[in-house]
Amino acid sequence: MKLQDTLSNSQLELDISKKVKIYLCGVTVYDESHIGHARTIIVFDVLRKYLEEKGVEIEFIQNFTDVDDKIINRAQAENTTAEVISTKYIQNYFEDFDGLNVKHATIYPKATDHIEDILKFIEKLIDKQIAYVSKNGVYFSVSKFPNYGKLSKKKIDELESGARIEIDEAKKDPLDFAVWKFSDVEPLWESPWGKGRPGWHIECSAMSNKYLGENFDIHGGGRDLIFPHHENEIAQSESCTGLQFAKIWMHVGMVTINGEKMSKSIGNIKSIKNVLENWGPNIIRLFCLSGHYSKPIDYSEELLKENLTKWRQAEVCYYELIHTKSEDNQNLEETVFKISKDFDKALEDDFNTHLALSAFFQLIKETNRLAAEEKLGNEDAQIIKSEFLRMLKILGLVIPEMTENEKQEIDYMIENREKLRKEKQFLEADKIRDKLNEMNIELIDHKVKTIWMKKEIIKSENKK
RNA sequence: GGUACUCUGGCAGAACGGUUAUGCGUGGGCCUGCAAAGCCUAUACAAGGGGGUUCGACUCCCUCGGGUACCUCCA
């Protein structure tokens, strides 16, 4: 699989001959997660699901930043502790992302659980005279890392001439950044240099090192993390170990809304809770995967609606596959095999989920067409079904389960409707269909049989 | 101001130095008791602007311009 690497600005081959180690920068837990977070995490969720489906072992680490000025500010505003805030929003995170059918990471390390590791890491940096103690904290000396700026393609002198860098007397160089901040307000920990808390970037260096070692396969996050977060992580980690940090840097584009970045400071946020309530997990996932991961994607009702149409087709396909009874096989192995290959090929080529989805929908269209023509045979359906389910699994799409009782009741109602239709009592027959509709069961009348499908309830569909 | 990315039809989004991309949408028709599902057909005079290279450019080169992000916390 080839992936675009931000550092080398070229496509690199991912080595899948052994365990693949991935570190994803997760969220700072001080508020609700929004669709922008969802996109990054869903992209990585599908990436790991695809690789796992290929039989590749994955170690997937995703951190929670649970010590940070924003958390502390929020705690003060709500008259509580940082721990209460971060615990609350970690719980909130899992509600949202479980709702989006995101598979759990191998480990979700938290900064506050790794203070010891962070302190050891800082100690190494001080020993190597790359970090220094000043009156406000311990700082990383950017000038000690010759390649500083290599990820974000920034030049040190250009950064220095930028007017937006804070001037801090305690720093030797304005670009130096804190690895440890002295403080006497909670949360704080003892350190050999003074009480305080870790800087923002150090946790990821320390925790990725702890769980994945000095060198691992993919380090990812949103594009907005390239600078300064990932740049600083590289500086810290590579100065500390003297080795290459991540092999591939994978960055996911922003979700925009009316062309503008979705962010808390602008206030144009669509929270996951809100969108999940209105559109459900499957449509959100399709939406997040509908563009290339590296490019921005614009949030719009129109795009969501398009994905709703497609999701309905997928649902029809599923129910056609499980209800089929025809003996009229078309020997579709080759067709299915080709579509399956297209799907994989798209993902292998810099993880092009849009093209992979095209293949997925091609399979669906083909199936639905044959089914409507009563030409979907049992054997073909088996072949299609296993491929369809494979794709569903990789994409993380889920068709709601039904109980046997429900199924029996539906079959019984359909039988009654058939009788009435044969007797041309259409008003009565339609009443049954209406009743089923109320249960979100939709009927598809084929020439020789009627099948049913259970539609996922999508609130937005009924609004105008 | 600097750096990176980006600019294809109403929207989404490909390939390719020369062929209709495709999907969604929209119009019309077929199927159906009626719907839904499905089918057929039509529709988009598509390539940010201007130069160049070429027999021929959306595709290569130059140039101008627009957009987004980052340069401060941010997925």
Side-chain angles (χ1 to χ4, degrees), chain A residues 4 6 9 24-28 30-31 33-44 62 65 68-70 73 149 151-155 157-166 175 177 200 220-229 231 251-256 259-266 287 290-292 294-298 300 302-303 305-310 312-313 315-317 319-320 346 352 354-355 357-359 361-362 364-365 367-375 420-422 424-427 429-430 433-434 437 442-447 450-453 455:
Chain A
Q4 180 71 25
T6 310
N9 203 3
L24 176 65
C25 283
V27 295
T28 301
Y30 75 100
D31 207 346
S33 299
H34 57 71
I35 291 298
H37 302 116
R39 158 128 108 144
T40 300
I41 284 156
I42 286 169
V43 164
F44 275 85
Q62 183 185 324
T65 298
D68 165 273
D69 291 351
K70 288 197 166 169
N73 292 342
L151 181 73
S152 55
K153 322 286 181 234
K154 291 188 187 303
K155 304 234 169 21
D157 48 339
E158 280 166 1
L159 280 169
E160 281 179 342
S161 62
R164 295 164 88 175
I165 291 169
E166 59 178 302
L175 291 181
F177 55 89
W200 177 33
R223 276 208 108 74
D224 53 354
L225 293 183
I226 294 173
F227 191 90
H229 185 55
E231 192 70 62
H251 289 106
V252 179
M254 297 295 101
V255 174
T256 58
E260 208 178 14
K261 179 183 171 185
M262 185 179 285
S263 82
K264 284 164 194 165
S265 43
I266 300 172
F287 164 77
S290 67
H292 189 97
S294 65
K295 292 186 186 173
I297 190 169
D298 202 53
S300 70
E302 192 184 358
L303 249 183
K305 225 180 265 173
E306 181 174 332
N307 284 304
L308 168 63
T309 305
K310 291 181 171 180
R312 291 296 185 216
Q313 293 172 347
E315 287 179 316
V316 170
C317 178
Y319 287 98
E320 295 283 13
N352 192 329
H354 182 272
L355 279 187
L357 286 176
S358 299
F361 289 114
Q362 200 190 328
I364 289 167
K365 272 189 108 59
T367 306
N368 292 173
R369 199 195 86 233
L370 288 169
E373 292 170 358
E374 301 284 346
K375 285 182 188 163
L420 292 166
R421 286 179 76 201
K422 280 194 184 122
K424 300 211 188 299
Q425 299 196 41
F426 295 120
L427 280 178
D430 286 352
R433 185 168 66 191
D434 291 344
N437 272 333
E442 189 162 306
L443 299 184
I444 301 172
D445 288 336
H446 290 162
K447 286 195 185 78
T450 294
I451 71 155
W452 55 265
M453 62 178 269
K455 291 165 77 182

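Hydrogens, waters and symmetry mates are skipped; everything else that's a heavy atom, side chains included, is used. To find a chain, count down the sequence lines: A is the first, B the second, and so on, and within it residues start at 1.
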Participant: Mind calculating the distance between CD (A/Q313) and C1' (B/rG23) to the nearest angstrom?
Facilitator: 9 Å

Participant: Go through A/I444 and A/T450 one step at a time and tell me if the side chain to side chain contact (heavy atoms under 4.5 Å, CB included) criterion holds.
Facilitator: CA-CA 6 Å; A/I444 301 172; A/T450 294; over 6 Å; no

Participant: Quote, to the nearest angstrom, the C1' distance that separates B/rA46 from B/rA4.
Facilitator: 28 Å

Participant: Let's see if you can work this out: which of B/rA75, B/rA37, B/rA12 has an atom nearest to the side-chain heavy atoms of A/K264?
Facilitator: B/rA75

Participant: Is A/E306 touching bases, backbone alone, or none of the nucleic acid, heavy atoms closer than 4.0 Å?
Facilitator: base

Participant: Just to be sure I understand the rule, does A/L225 reach a base, reach only the sugar-phosphate, or reach nothing, if contact means heavy atoms closer than 4.0 Å?
Facilitator: sugar-phosphate

Participant: Just call it for A/S358: base, sugar-phosphate, or nothing, with non-hydrogen atoms closer than 4.0 Å on any strand.
Facilitator: nothing

Participant: Can you check the distance between B/rC40 and B/rU32, where both ends of the measurement are the C1' atom (answer in whole Å)?
Facilitator: 16 Å

Participant: Starting the side chain at C-beta, find the nucleotide from B/rA75, B/rC39, B/rC70 nearest to A/T40.
Facilitator: B/rA75

Participant: For the side chain of A/H292, starting at C-beta, report the closest nucleotide among B/rA14, B/rC70, B/rC34.
Facilitator: B/rA14

Participant: Is there a Watson-Crick or G-U wobble partner for B/rG65 with both distances under 3.5 Å, and which nucleotide is it?
Facilitator: B/rC7

Participant: With a non-hydrogen cut-off below 4.0 angstrom, is A/Q362 in contact with a base, only sugar-phosphate, or nothing?
Facilitator: nothing

Participant: Nearest of B/rA69, B/rA12, B/rG38 to any side-chain atom of A/H354?
Facilitator: B/rA12

Participant: So what's B/rA37 paired with, Watson-Crick or G-U wobble, going by both distances under 3.5 Å?
Facilitator: none

Participant: Less than 3.5 Å between a donor and an acceptor, one on the side chain of A/D430 and one on the base of B/rA35, is that the case here?
Facilitator: no

Participant: When you measure from the side chain of A/E302, which nucleotide among B/rG10, B/rC39, B/rA75 comes out closest?
Facilitator: B/rG10

Participant: So what does A/K447 hit on the nucleic acid, given a heavy-atom distance under 4.0 Å: a base, only sugar-phosphate, or nothing?
Facilitator: nothing

Participant: Please state how far atom CD1 in A/I297 lies from atom C1' in B/rC11, giving the value in whole angstrom units.
Facilitator: 12 Å

Participant: To the side chain of A/E373, which of B/rC39, B/rC24, B/rA37 is closest?
Facilitator: B/rC39

Participant: Considering only the P atoms, how many Å lie between B/rG13 and B/rC24, rounded to the nearest integer?
Facilitator: 16 Å

Participant: Does atom NZ of A/K153 have more than 12 heavy-atom neighbours, drawn from other residues, nucleotides or ligands, at distances under 6.0 Å?
Facilitator: yes

Participant: Using the ring of A/Y30 (Phe, Tyr or Trp, six-membered ring only), decide whether A/K264 places NZ or CZ under 6.0 Å from its centre and within 45 degrees of its axis.
Facilitator: yes

Participant: Mind checking A/V27 for me? I need base, sugar-phosphate or nothing, with any heavy atom below 4.0 Å counting as a touch.
Facilitator: sugar-phosphate

Participant: Hey, is CG on A/L427 packed in by over 12 heavy atoms from elsewhere, all under 6.0 Å?
Facilitator: no

Participant: Base, sugar-phosphate alone, or nothing: which one does A/K365 contact when heavy atoms must sit under 4.0 Å apart?
Facilitator: sugar-phosphate

Participant: Would you indicate what A/R421 reaches in the nucleic acid, counting non-hydrogen atoms under 4.0 angstrom: base, sugar-phosphate, or nothing?
Facilitator: base

Participant: For the pair made of CD1 in A/I444 and C1' in B/rA35, what is the distance, rounded to whole Å?
Facilitator: 12 Å

Participant: Contact class for A/F361 vs. all strands (heavy atom < 4.0 Å): base, sugar-phosphate, or nothing?
Facilitator: nothing

Participant: Check every strand shown and say whether A/G36 touches a base, only sugar-phosphate, or nothing at a heavy-atom separation below 4.0 Å.
Facilitator: base

Participant: Looking for any heavy atom pair under 4.0 Å, which part of the strands does A/G26 touch: base, sugar-phosphate only, or nothing?
Facilitator: sugar-phosphate

Participant: Report which part of the nucleic acid A/D445 touches: base, sugar-phosphate, or nothing (heavy-atom distance under 4.0 Å, all strands).
Facilitator: base

Participant: For nucleotides B/rG65 and B/rG51, find the distance between their C1' atoms and express it as a whole number of Å.
Facilitator: 14 Å

Participant: Within the pair A/K375 and B/rG38, is there a side-chain N or O less than 4.0 Å away from OP1 or OP2?
Facilitator: no

Participant: Write down the distance separating the C1' atoms in B/rA15 and B/rU8, rounded off to the nearest Å.
Facilitator: 12 Å

Participant: Could you tell me how far B/rA14 sits from B/rC71 if I compare only their P atoms? Round to whole Å.
Facilitator: 27 Å

Participant: How would you summarise protein contacts on nucleotides 2-8 of chain B per nucleotide, using B for base, S for sugar-phosphate only and - for none, with heavy-atom distances below 4.0 Å?
Facilitator: BS-S-S-

Participant: Looking for any heavy atom pair under 4.0 Å, which part of the strands does A/T28 touch: base, sugar-phosphate only, or nothing?
Facilitator: sugar-phosphate

Participant: Classify A/M262 by what it touches in the nucleic acid, base, sugar-phosphate, or nothing, heavy-atom distance under 4.0 Å.
Facilitator: base

Participant: Check every atom of B/rC71, B/rA37, B/rG38 against the side chain of A/E320 and return the nucleotide holding the closest atom.
Facilitator: B/rA37

Participant: Among the candidates B/rC39, B/rA69, B/rC24, find the nucleotide nearest to the side-chain atoms of A/K310.
Facilitator: B/rC24

Participant: Using the C1' atom on both, measure B/rU59 against B/rA21 and round to a whole Å.
Facilitator: 14 Å

Participant: When you measure from the side-chain N and O atoms of A/N368 to the phosphate of B/rA37, is any distance below 4.0 Å, counting only OP1 and OP2?
Facilitator: no

Participant: Look through every strand shown and name the nucleotide pairing with B/rA14 as Watson-Crick or G-U wobble, where both distances are under 3.5 Å.
Facilitator: none

Participant: Write down the distance separating the P atoms in B/rA42 and B/rG49, rounded off to the nearest Å.
Facilitator: 28 Å

